2 protein chains.
Amino acid sequence: MSAQSIFAPAQIGRAGEDIAMQLEAAILGEKILPGERLPSERELQTQFQCGRGVIREAIRALKQKGLVETRKGAKGGAYVKNIEMTNVGESLALFLKQQRVAPGHIVEFRESIDRVIVVLAIARASAAEKQALVAETEKLLEILKGEPPDRDSLARQDQILNISLAKMSGNPIFEWVMTAIQQGFSSHDYALYDDPEYCRKTVENWYVTALRIAENDPMKALNSISAHYGLLHRCVEKQKAEAESIPSDGG
Amino acid sequence: MSAQSIFAPAQIGRAGEDIAMQLEAAILGEKILPGERLPSERELQTQFQCGRGVIREAIRALKQKGLVETRKGAKGGAYVKNIEMTNVGESLALFLKQQRVAPGHIVEFRESIDRVIVVLAIARASAAEKQALVAETEKLLEILKGEPPDRDSLARQDQILNISLAKMSGNPIFEWVMTAIQQGFSSHDYALYDDPEYCRKTVENWYVTALRIAENDPMKALNSISAHYGLLHRCVEKQKAEAESIPSDGG
DNA sequence: TTTATTATTTGGTAGTACCATTCACCTGCT
DNA sequence: AGCAGGTGAATGGTACTACCAAATAATAAA
């Protein structure tokens, strides 16, 4: 009943934007909580005193932002949901693609983040969490034993490890940033796992790193991280060189 | 003339999504370059064999992603543009707001990022850029001389400094992260500038940091950064304590 | 009580009409 | 010729109506 009179008609030039903003404000201001629904399009139409198309466009914008999801049928409508990391990641991925951010930059960023994460994780994560991390790396070793190793599984497990580690930092922002970067970079990551040599070394390095973390040895863990990204960096350089020497298949 | 037959009618359940995806693919695939226009809504309507509302919603989604901007009138339409960092930042900012991240976490994250940025900036930025940074901090000093200092200007200049510094790292991802974090937490930053003591110290610290960077002295610069965030952290704690002792005015 | 049918709600789509804005073009005056 | 002002066309923005498809609720039938 709270969402009946909180909206103003607001009929200026770009009414759609205005309505989208009002709805967004209502959501962020927790006038409408996650799980609840916005009034139906036809109700909003009367509340805002405008056409239904405008309402639809506004809701479309919210949907794009990940603020709501829509369902059809009775009891359908625009349901407020918690924003997921994937929305942020998608957005970043778009940016990275269009701006042609060099893989080297991404590697550099990830390394710098990871170094901080490792130190925080050692200081804050419980022994159980650290052991769990080691267990996850052992899974990675298992996957590597396959003949041939399943690249898809490797990449997925690698992402899981990165996220787990980020979680152990005790600071959610690291986790989110890592998730976003991984989404934006996933295509490259896959490519890197094509190199069997890089692949093997990386997996081994993950294992060592996890052990160092479990042993609460930050300096050695940082060394492992550096080694990891050293590998990654060389691999990126190598792929770049190859891409330049074979400039075929382009559009 | 290339954008006439590249779209398929594609009339399945959620046609809007489909059309948005096709348009997005066309843009990312560089079928339509930045600065160019999408066909008009009415043209797309005939190409996709659907109603104009659907087209409008699809374009609305692209607009929300920051892929296009629309203009009215003759020669108007949806123009492809380069994605700006603020668009990506908005997405993250939204997420951070909804997740109610503790200010302490943000301070921690920003410090860790800033430490890396400073080192990179010293190594990579030109002498001119470093001098420019010093000049910007001097502006901050000027603002501080006002009686009373204009908090709004201070906060804005502080943001400019952070972004400038991030830019000097030579890695656009740091710039993005800094932009995004600032967007998400401008409110906190403003609050911090309410404390005149913190304000003065911070400004002075910025100046010292810029000088250290200009002198290419990474260790001292890092010390300044630590001092900066030490201040910030104490200020956040103080405000948190105050907020807890005065639990009024809440929703 | 369970199952099948019907009605209702609600988002999704199509189409039309009209308005406001912007630009290209043309007219007419100087 | 050159400039001022008007005119018209293109285009996004809005309103409205009608209908479809899906999902739920209410009702009837077994």
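Every chain is numbered from 1 and lettered A, B, ... according to where its sequence line falls, protein lines coming before strand lines. Here the structure is a predicted model, which means the values were calculated and not measured.
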Counting distance only, does the side-chain N/O of B:Asn162 pair as donor-acceptor with the main-chain N or O of B:Asp158 below 3.5 Å? yes
In whole angstroms, how far is the C1' atom of C:dT10 from the CD1 atom of A:Ile55? 14 Å
Once you round it to whole Å, what is the distance between C1' of C:dT13 and CZ of B:Phe48? 15 Å
Quick check: on DNA chain D, is the nucleotide nearest A:Ala74 upstream (toward 5') of the one nearest B:Gly76, or the reverse? Name the residue that is more 5'. B:Gly76
Taking only N/O atoms, report every protein-nucleotides 17-20 of chain C pair under 3.5 Å with atom names and distance.
none

Strictly by modelled atom types, are B:Gln183 and B:Glu90 linked by a side-chain donor-acceptor pair under 3.5 Å? no
Report the distance from atom CZ of A:Arg56 to atom C1' of C:dA14, rounded to the nearest whole Å. 12 Å
Can you tell me which nucleotide in C:dG12, D:dT11, D:dT14 comes closest to the side chain of B:Ser40? D:dT11
Check this for me: B:Lys167, atom NZ, are more than 12 non-hydrogen atoms of other residues, nucleotides or ligands nearer than 6.0 Å? no
Under 4.0 Å between a side-chain N or O of B:Lys75 and OP1 or OP2 of D:dT11? no
Taking for B:Gln45 and for A:Glu41 the nucleotide of DNA chain C with the nearest heavy atom, the one nearer the 5' end belongs to A:Glu41
Heavy-atom nearest pair, A:Met168 first then A:Arg124, reads O-CB, 4.3 Å
Between B:Glu142 and B:Lys139, is there a side-chain N and carboxylate O pair less than 4.0 Å apart? no
Starting at OH of B:Tyr79 and ending at P of D:dA10, how long is that distance when rounded to a whole Å? 15 Å
What pairs of donor and acceptor atoms, side-chain ones from residues 67-77 of chain A against any protein atom, are under 3.5 angstrom apart with sequence neighbours left out?
{"residue": "A:Thr70", "atom": "OG1", "partner": "A:Lys63", "partner atom": "NZ", "Å": "3.3"}

Separation of D:dG12 atom C1' from A:Glu17 atom CD, nearest Å, is 12 Å
For A:Arg14 and C:dT21, what is the distance between atoms CZ and C1' respectively, to the nearest whole Å? 10 Å
Give the rounded distance in Å between these two atoms: CD of A:Glu57 and P of C:dG11. 16 Å
Is any side-chain N or O of A:Arg37 closer than 4.0 Å to OP1 or OP2 of C:dT10? yes
With sequence neighbours left out, what residues match B:Thr46 under side chain to side chain donor-acceptor pair (under 3.5 Å)? none
Can you tell me if A:Thr70 touches the phosphate of C:dT10, counting only side-chain N or O atoms and a distance under 4.0 Å to OP1 or OP2? no
Pick base, sugar-phosphate or nothing for A:Gly53, based on heavy-atom distances below 4.0 Å to the nucleic acid. nothing
Please report the distance, rounded to the nearest Å, between CG in B:Leu44 and C1' in D:dG12. 12 Å
